[in-house]
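Sequence lines set the chain letters: A, B, ... in the order given, protein chains first and strands last, and positions in each chain run from 1.
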Number of protein chains: 2
Amino acid sequence: MSKSKSVVLTTLEKTGGFVSAQEVFQLLRKQGKPTGLATVYRALQKAAVENSVDVLRKEDGEALYRLCATGHHHHLVCKNCGKTVEVEGSAVEKWANTVAKNNGFRKVTHVVELFGLCAKMLI
Amino acid sequence: MSKSKSVVLTTLEKTGGFVSAQEVFQLLRKQGKPTGLATVYRALQKAAVENSVDVLRKEDGEALYRLCATGHHHHLVCKNCGKTVEVEGSAVEKWANTVAKNNGFRKVTHVVELFGLCAKMLI
DNA sequence: GTGATTTTGATAATCATTCTCATTTGTGAT
DNA sequence: ATCACAAATGAGAATGATTATCAAAATCAC
């Protein structure tokens, strides 16, 4: 594993949640480990192929990455302030497996994210 | 409903499956009903808000649209051939609402996508 | 160390999507 | 029908994430 890649993955580990490539780029810069944007993308791409990160897309199409395997869980994210709560969902896991089986699919993974407004928002 | 929007949705109906905005644009052109690209995007955007089309993203981030007859549902997508099955998940809806309530979140929406290998794949 | 191979990063190129704004079309009242 | 005003349209520019390019720097094998 190249040095850059390990640095990128370490950053993902620290954040814990889903982060975009651009965010990783900024984080590394602030951490004093400036890394080329292209390099960040390359690292995330490889990691995705190797299944060491989960990838999902925001509504606007931007890709978000998360280190996977570290205790599977989901997120409840406030659209307004970004507050993120980790939530456990064994119900969802079971549901996903059942659905997969019923449709003859194997090696099924799933992406489940919840978005809303947290209690602080009074809109 | 504006004329353009109905033309766009008609095209989606004809194709049946998932199509990109760019493809719709080309199809309309070939059909002799040339429509501005911006207009195609606007029509699809509105339709998405109204939940009259399903939106999902290809791996490269391009958005795909499909006329959806029924209400809210999720997708089970084959990573290999792209085959997509619509799955209903009232269990998931309930779970999402409960989790949201427990955490004081309001107006919660969720993203749930399942990925796997369909029966045709013998890897 | 020397040369080959890989990795990196600055920048340019790509491409879907959104924005802008002038023009056209539809609508409603009179 | 006509006028006035709102909504829709389209051509092209602007945006922004991602990818490609390519020369310089780090790494490896010997």
- Distance in angstrom units between A/Asp60 CG and D/dA14 P, rounded: 22 Å
- Is a side-chain donor-acceptor pair under 3.5 Å present for A/Tyr65 with A/Gln45? no
- Which residue lies toward the 5' end of DNA chain C, B/Ala38 or B/Lys3, if each is placed at its nearest nucleotide? B/Ala38
- Identify whether any heavy atom of A/Lys58 sits under 4.0 Å from a base atom; if not, whether one sits that close to sugar-phosphate; answer base, sugar-phosphate or nothing. nothing
- Query: What is the nucleic acid contact for B/Ser4, judged by heavy atoms within less than 4.0 Å: base, sugar-phosphate only, or nothing?
  - Reply: sugar-phosphate
- Would you say the side-chain atoms of A/Glu23 pair up with the backbone N or O of A/Ser20, donor to acceptor, closer than 3.5 Å? yes
- Check whether any side-chain N or O of A/Lys5 sits under 4.0 Å from OP1 or OP2 of C/dT7, and answer yes or no. no
- Task: Pick out which of A/Thr15, A/Thr35, A/Val8 makes a side chain to side chain contact (heavy atoms under 4.5 Å, CB included) with A/Val24.
- Result: A/Val8
- Task: Under 4.0 Å between any heavy atoms, over every strand shown, what does A/Thr35 touch: base, sugar-phosphate, or nothing? Just pick one.
- Result: sugar-phosphate
- Would you mind classifying the nucleic acid contact of A/Gln22 as base, sugar-phosphate or nothing, using non-hydrogen atoms under 4.0 angstrom? base
- Task: Can you tell me the distance, in whole Å, between the CG atom of B/Leu64 and the P atom of C/dC15?
- Result: 17 Å
- Query: What is the distance, rounded to the nearest whole Å, between atom CG of A/Leu28 and atom P of C/dA10?
  - Reply: 13 Å
- Item | DNA chain D: 5'-proximal contact among B/Lys46 and A/Ser20 (nearest heavy atom) | B/Lys46
- Query: Would you say the side-chain atoms of A/Thr11 pair up with the backbone N or O of A/Val7, donor to acceptor, closer than 3.5 Å?
  - Reply: yes
- Taking CZ from A/Arg29 and P from C/dG9, how many angstroms apart are they, rounded to a whole number? 10 Å
- Message: Side-chain N or O of A/Tyr41 versus OP1/OP2 of D/dT19: is the shortest distance under 4.0 Å?
- Response: no
- In whole angstroms, the gap separating P of D/dT21 from CG of A/Leu37 amounts to 17 Å
- Task: Quickly work out the B/Lys33 NZ to D/dA8 P distance and round it to whole Å.
- Result: 19 Å
- Task: Take atom CD of A/Gln26 and atom C1' of D/dA17, then tell me their distance rounded to the nearest Å.
- Result: 13 Å
- Query: Roughly, in whole Å, what's the span from CZ in B/Arg42 to P in D/dA11?
  - Reply: 11 Å
- Please report the shortest heavy-atom distance between A/Ala47 and A/Leu9, naming the atom on each side. CB-CD2, 4.1 Å
- With a 4.0 Å cut-off on heavy atoms, is B/Ser2 in touch with a base, just the backbone sugar-phosphate, or nothing at all? sugar-phosphate
